[in-house]
Amino acid sequence: EELDPLLAKIDPDLVGKRRGAWMALDGTNPDRLAHAAGSQKNLLLQVLRTLVPDEPDVDPTERGSKIKARIKQIMGGSESEAEHFQAVAEAVFTAYNVYNKYDHTNQKNARALRGHIHSGEALLYMVLIRLED
């Protein structure tokens, strides 16, 4: 719930998107996992694109380079923090890939998706609190 005020500062509609993912996950729709994962994936991308609207300079050979470049740009930091921020960027990209699997390949493990959404939100929270520093 601490994530909602941070999302609202960026765009109040993001709070509804986040809550919608949880509603989908907890619902009875047979396609609920895909809906929840899709909402989380879209939330993540919308936050990153809002905070870094211009296409970042990327290495086209690196998987997830746009997501990772946006995370690095948001988090900034000193050289001593670079390794940590690289790990966060990699973790956010991995969360995106997990959501993508549920959204596109008909994954069926609701408990696992619940854990992935929780961890993805924790990563998003970490990125957003960095903006307040």
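Worth saying up front: this structure is predicted, and the values here are computed from it rather than measured.
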Task: ring pair (Phe, Tyr, Trp, His ring centres under 6.0 Å) contacts touching residues 37-72 (sequence neighbours left out) - done: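 Passing the test, one end in residues 37-72: no pairs.
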
Residues pairing under ring pair (Phe, Tyr, Trp, His ring centres under 6.0 Å) where one sits in residues 38-57, two or more places apart or in two chains, turn out to be none

Under a 4.5 Å side-chain heavy-atom rule over Ile, Leu, Val, Met, Phe, Trp and Tyr, are M23 and L44 clustered together?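 Different clusters: M23 never reaches L44 through Ile, Leu, Val, Met, Phe, Trp or Tyr contacts under 4.5 Å.
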
Nearest 0.5 Å, please: how far is [atom2] in [Y] from [atom1] in [X]?
X: L51; Y: Q73; atom1: CG; atom2: CD; result: 10.0 Å
X: I10; Y: T50; atom1: CD1; atom2: OG1; result: 7.0 Å
X: Q107; Y: N100; atom1: CD; atom2: CG; result: 11.0 Å

Would you check if there is a donor-acceptor pair between the side chains of Q86 and K72 at a distance under 3.5 Å?
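A pair is found: one side chain offers a donor N or O, the other an acceptor, under 3.5 Å apart.
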
request  = Determine which pairs satisfy salt bridge (Lys or Arg N to Asp or Glu O under 4.0 Å) with at least one residue from residues 109-124, sequence neighbours left out, and list them in order.
outcome  =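 For residues 109-124: R18-E121, D26-R114.
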
Applying salt bridge (Lys or Arg N to Asp or Glu O under 4.0 Å), which residue pairs with at least one partner in residues 95-109 are found, sequence neighbours left out?
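For residues 95-109, and leaving out neighbouring residues, the salt bridge (Lys or Arg N to Asp or Glu O under 4.0 Å) pairs sorted by first residue read K41-D103.
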
- With sequence neighbours excluded, residues passing side chain to side chain donor-acceptor pair (under 3.5 Å) with H116: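 Counting only residues at least two positions away or on another chain, H116 forms no side chain to side chain donor-acceptor pair (under 3.5 Å).
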
Do [X] and [Y] touch side chain to side chain, with heavy atoms closer than 4.5 Å?
X: E2; Y: I129; value: no
X: L128; Y: K9; value: no
X: L43; Y: L124; value: yes

Smallest separation among heavy atoms of [X] and [Y], with atom names:
X: S39; Y: A21; value: CB-CB, 3.6 Å
X: A89; Y: K68; value: O-CG, 3.8 Å
X: R70; Y: P53; value: NH2-O, 4.1 Å
X: A24; Y: A36; value: CB-N, 3.8 Å

- Item | side-chain contact (heavy atoms from CB on, under 4.5 Å) assessment of K66 paired with L48 | CA-CA 10 Å; K66 288 182 183 179; L48 295 178; over 6 Å; no

Self-check item: Derivation and outcome, side-chain contact (heavy atoms from CB on, under 4.5 Å), residues K17 and L7
Solution: CA-CA 10 Å; K17 185 175 291 288; L7 292 171; over 6 Å; no

- prompt: Going through the distances and angles, do I67 and L45 end up as a side-chain contact (heavy atoms from CB on, under 4.5 Å)?
  reply: CA-CA 8 Å; I67 289 173; L45 290 177; 4.1 Å; yes

| query | How does the hydrophobic cluster around Y99 look, that is, which other residues are in it when side-chain heavy atoms under 4.5 Å mark a link? | reply |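 Under the 4.5 Å side-chain rule, Y99 groups with W22, L25, L33, V98, Y102, L113, I117.
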
Just by modelled atom types, is the G38 backbone N or O under 3.5 Å from a matching donor or acceptor in the N42 side chain? yes

V127 vs V47, side-chain contact (heavy atoms from CB on, under 4.5 Å): CA-CA, chis, key distance, verdict: CA-CA 10 Å; V127 170; V47 166; 6.0 Å; no

